[in-house]
Each structure stands twice: as C-alpha cells, then as structure tokens.
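Inspection log for the structure reproduced underneath, given as structure tokens.
Keep in mind it's a predicted model, so treat the numbers as computed, not measured. Side-chain atoms are counted along with the backbone in the values below, which use heavy atoms only and exclude waters and symmetry mates.
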Amino acid sequence: MSEFLDEQKDEIEALESIYSEEIDFLGDSPHCFTIPVKTEDYNEDEGEGRLVLFKFTFTEKYPSEEPLLEVEESENIDDEHLEELNTYLHDMLTENLGMPMVFTIVSAAIEWLGDKNDQIKEEMETAAKKKLEMEEEEERRKLEGTRVTVESFLAWKAEFDQERLEKMKTAKVKSNKLTGRELFMQDKTLNDSDIKFLETTGDTAVTVDESLFEDLDDLDLDDESDEDPDWKPGDDSD
C-alpha cells in the first residue's frame with residue numbers, strides 16, 4: 001500500500017510542477033484534482049475555442065488500477081464529441097496501467113481536442129462556403145433567367161402562335177363590325193328613315209317644292225336703307 005502512496009505522491013509533485021497555474025487540488029486522501037484541457041485559440045471572454053475540465057481521482061492501488069476520470073465542465077463542445085473523447089481516453093488508461101499516466105492522458109486529450117477543433121472549424125468554414133456558393137448560384141440563376149432548350153423553345157413558340165392566332169381572329173371580328181356612319185353610307189334606304197318613321201306614327205310628312213326657290217337670284221332684295229339714310233323701319237309717312 002505504501003508503495004502505491006509513494007508513487008502517487010511523486011506523480012502529484014511532478015504534476016504540480018508541470019501544471020502549476022492550472023491544476024486545482026481538491027483533496028489528498030485520496031488524491032483528487034482537476035486539470036483543464038483547452039485548444040490554443042480558447043478565449044473565455046470572447047467565447048472562442050474549446051475547453052474540457054477533467055477531474056482525476058486516484059484509487060488506493062493506482063497506478064496498478066485506473067484512476068477515476070470524469071468531465072467536470074466543458075465549453076463549446078457537444079455531447080457527441082465529449083463521448084468520443086471519453087472513450088478515447090479510457091482506452092489509453094487501459095494501455096498505461098502500471099505506470100504514472102496523468103501527464104500522458106492530459107497530453108493525449110490536448111492533442112485530440114486540438115485536432116477535433118480544427119476539424120469542426122474546417123467543417124464550419126466548408127459549410128459557410130457552400131452556403132455562400134449556393135446563394136451566389138441562386139442569384140446567378142435569377143439574373144440569367146430560364147435556360148432555353150429546343151423543347152422549351154418549341155413549347156413557347158406553339159403557345160405564342162396560338163395566342164397570336166386568337167388575337168388575329170378577334171381583330172378580324174371587330175373589323176367586320178361597321179360603325180353607324182358606315183352603315184348609313186352603305187345603305188341608301190336609311191336616308192328616308194326619318195320620314196318613314198313619321199308616316200308610320202301618323203304624322204304628316206312635309207314635302208318641299210324646290211322649284212319655288214329656283215328664281216331667287218332674280219329678285220331685287222336690296223335694302224331700302226341703302227337709298228334713304230333717314231328711313232326707319234315702320235316710317236311710311238312718305
């Protein structure tokens with residue numbers, strides 16, 4: 001038992017020297033402490049990067065037994081990735097039985113988290129680039145309009161010709177309808193329509209003898225006022 005304690009004590013001293021500013025001791029019976037694992041771009045204030053806070057607890061027979069390894073906190077990493085990391089580290093615990101392993105586990109966790117961080121960032125950049133390309137392609141399609149093929153052109157032309165034919169038929173029907181003036185000029189019998197209407201209603205039609213007005217040019221219709229400037233209408237005293 002004392003052999004395990006001595007090994008644990010030596011490892012604790014080494015860890016304190018390596019992670020002096022990050023390790024947080026929670027107890028010494030059994031030895032229990034936390035060490036944060038974070039990516040190089042981690043920034044708590046700006047919310048960038050990723051962090052996992054691991055808690056180690058030595059068992060009585062550690063390092064002949066695996067230490068208890070738990071995740072106390074995490075930032076910017078989802079449960080699926082945490083499960084992957086946890087599985088990866090527990091496999092390493094098994095591989096390193098019988099020797100001090102905390103430094104090895106922490107180093108492996110830092111490398112794994114860094115690689116995963118790069119992968120996530122690359123996937124995000126790829127997704128953002130793809131989204132931008134799709135938006136640009138959609139905008140380009142709107143500007144270019146529908147691409148014309150032989151089939152689409154023939155379909156459009158058939159529809160266009162049909163519409164044009166319908167318009168021509170409509171225009172022809174309209175052109176065959178005469179206006180009132182055109183009907184009057186074309187049908188001479190309409191000249192007598194008003195007189196015929198008066199006769200059918202019982203009114204007497206008026207007939208004008210145009211011969212009465214043929215000799216009007218021979219009449220002397222000069223105004224007497226031209227000969228007598230003092231003459232006034234109704235003055236017959238002379």
Side-chain angles (χ1 to χ4, degrees), residues 1-140:
M1 181 69 66
S2 61
E3 179 182 352
F4 295 137
L5 291 175
D6 290 342
E7 288 187 50
Q8 293 176 13
K9 182 179 179 181
D10 291 342
E11 185 173 3
I12 290 294
E13 290 178 353
L15 293 174
E16 186 176 10
S17 176
I18 297 171
Y19 304 109
S20 59
E21 297 181 359
E22 298 176 315
I23 192 168
D24 184 15
F25 292 100
L26 305 178
D28 57 6
S29 185
H31 292 291
C32 182
F33 53 89
T34 60
I35 298 177
V37 172
K38 51 192 175 182
T39 58
E40 293 181 356
D41 61 347
Y42 175 75
N43 188 310
E44 183 178 4
D45 296 333
E46 297 182 7
E48 297 181 356
R50 289 165 176 77
L51 175 143
V52 179
L53 182 63
F54 286 105
K55 177 182 176 182
F56 292 87
T57 302
F58 289 167
T59 62
E60 292 182 357
K61 295 182 179 181
Y62 172 82
S64 294
E65 296 177 343
E66 295 180 6
L68 299 178
L69 179 60
E70 303 170 87
V71 175
E72 287 285 282
E73 299 177 13
S74 64
E75 294 183 26
N76 300 330
I77 183 168
D78 57 34
D79 294 339
E80 180 182 355
H81 292 151
L82 278 177
E83 184 64 27
E84 291 180 18
L85 176 58
N86 192 51
T87 300
Y88 173 70
L89 294 180
H90 275 82
D91 289 342
M92 295 202 66
L93 291 175
T94 302
E95 294 175 4
N96 287 274
L97 281 176
M99 63 185 70
M101 64 180 75
V102 173
F103 176 79
T104 301
I105 299 301
V106 172
S107 298
I110 292 174
E111 182 179 0
W112 188 95
L113 192 60
D115 292 342
K116 181 60 65 174
N117 183 53
D118 292 341
Q119 177 186 338
I120 294 173
K121 289 170 65 176
E122 183 177 351
E123 290 174 353
M124 292 176 64
E125 291 175 358
T126 301
K129 182 179 179 180
K130 185 176 181 179
K131 181 180 179 182
L132 179 60
E133 290 176 350
M134 292 177 63
E135 291 176 351
E136 291 177 347
E137 179 64 23
E138 180 66 21
E139 189 66 23
R140 187 160 47 248

What's the shortest heavy-atom distance between His81 and Trp112, and which atoms? O-CH2, 3.2 Å
Does a donor on one side chain and an acceptor on the other come within less than 3.5 Å for Thr59 and Glu65? yes
To the closest 0.5 Å, what do you measure between NE2 (His90) and CG (Leu85)? 10.5 Å
To the nearest 0.5 Å, tell me how far Ile120 CD1 sits from Asp78 CG. 6.5 Å
Is any side-chain heavy atom of Thr104 closer than 4.5 Å to one of Met99? no
Side chains of Thr34 and Phe56, heavy atoms from C-beta outward: is any pair under 4.5 Å? no
Side-chain touch Lys55/Cys32, heavy atoms, less than 4.5 angstrom: yes
side-chain contact (heavy atoms from CB on, under 4.5 Å) partner of Ile110, chosen from Val37, Val52, Asp115: Val37
Side-chain contact, heavy-atom cut-off 4.5 Å: Gln8 with Leu5? yes
side-chain contact (heavy atoms from CB on, under 4.5 Å) between Glu16 and Phe33, intermediate numbers included: CA-CA 10 Å; Glu16 186 176 10; Phe33 53 89; over 6 Å; no
Just checking Glu122: does its CD atom have more than 12 heavy atoms from other residues, nucleotides or ligands closer to it than 6.0 angstrom? no
Inspect the contact between Arg140 and Glu137 and indicate whether a charged nitrogen and a carboxylate oxygen are less than 4.0 angstrom apart. yes
List the atom of Pro63, the atom of Met101, and the distance in Å for their closest heavy-atom pair. O-CE, 4.2 Å
Looking only at non-hydrogen atoms, find the nearest pair between Ser64 and Leu97 and report the distance. O-CD2, 3.7 Å
Inter-residue atom distance Ile18.CD1 - Ile23.CD1, 0.5 Å rounding: 9.0 Å
For Val102, does its backbone N or O pair with a side-chain atom of Glu11 as donor and acceptor, under 3.5 Å? yes
Heavy-atom donor-acceptor pair, Ser17 side chain to Glu13 backbone, under 3.5 Å: no
Answer whether the closest heavy-atom distance between the side chains of Glu133 and Lys129 falls below 4.5 Å. yes
Let me confirm one number: the CG-CG distance from Leu113 to Leu51, rounded to the nearest 0.5 Å. 8.0 Å
The reported gap from CE in Met92 to OG in Ser107 (rounded to nearest 0.5 angstrom) is 8.5 Å
Which atom pair, heavy atoms only, marks the closest approach of Phe58 to Pro67? CD2-CB, 4.1 Å
Do other residues, nucleotides or ligands put more than 12 heavy atoms under 6.0 Å from Gln119 CD? yes
Check whether any side-chain heavy atom of Met134 lies under 4.5 Å from a side-chain heavy atom of Lys131, and answer yes or no. no
Derivation and outcome, side-chain contact (heavy atoms from CB on, under 4.5 Å), residues Ile105 and Phe54: CA-CA 10 Å; Ile105 299 301; Phe54 286 105; over 6 Å; no
Give every residue pair that meets the salt bridge (charged side-chain N to carboxylate O under 4.0 Å, His left out) criterion with at least one member in residues 19-45, sequence neighbours excluded. Glu22-Lys38, Asp41-Lys121
Of all heavy-atom pairs linking Tyr62 and Phe4, the shortest is O-CB, 3.6 Å
With distance as the sole test, does Asn76 use its side chain to make a donor-acceptor pair with the main-chain N or O of Gly47 at under 3.5 Å? yes
Heavy atoms of Glu66 and Thr94 approach each other most closely as OE2-OG1, 2.8 Å
Within this structure, what is the CD1-CD distance for the pair Ile35 and Glu72, rounded to the nearest 0.5 Å? 12.5 Å
Near Phe103 CZ, under 6.0 Å, is it more than 12 heavy atoms from other residues, nucleotides or ligands? no
For the pair Arg50 (side chain) and Thr39 (backbone), establish whether a donor and an acceptor sit closer than 3.5 Å, ignoring hydrogens and angles. no
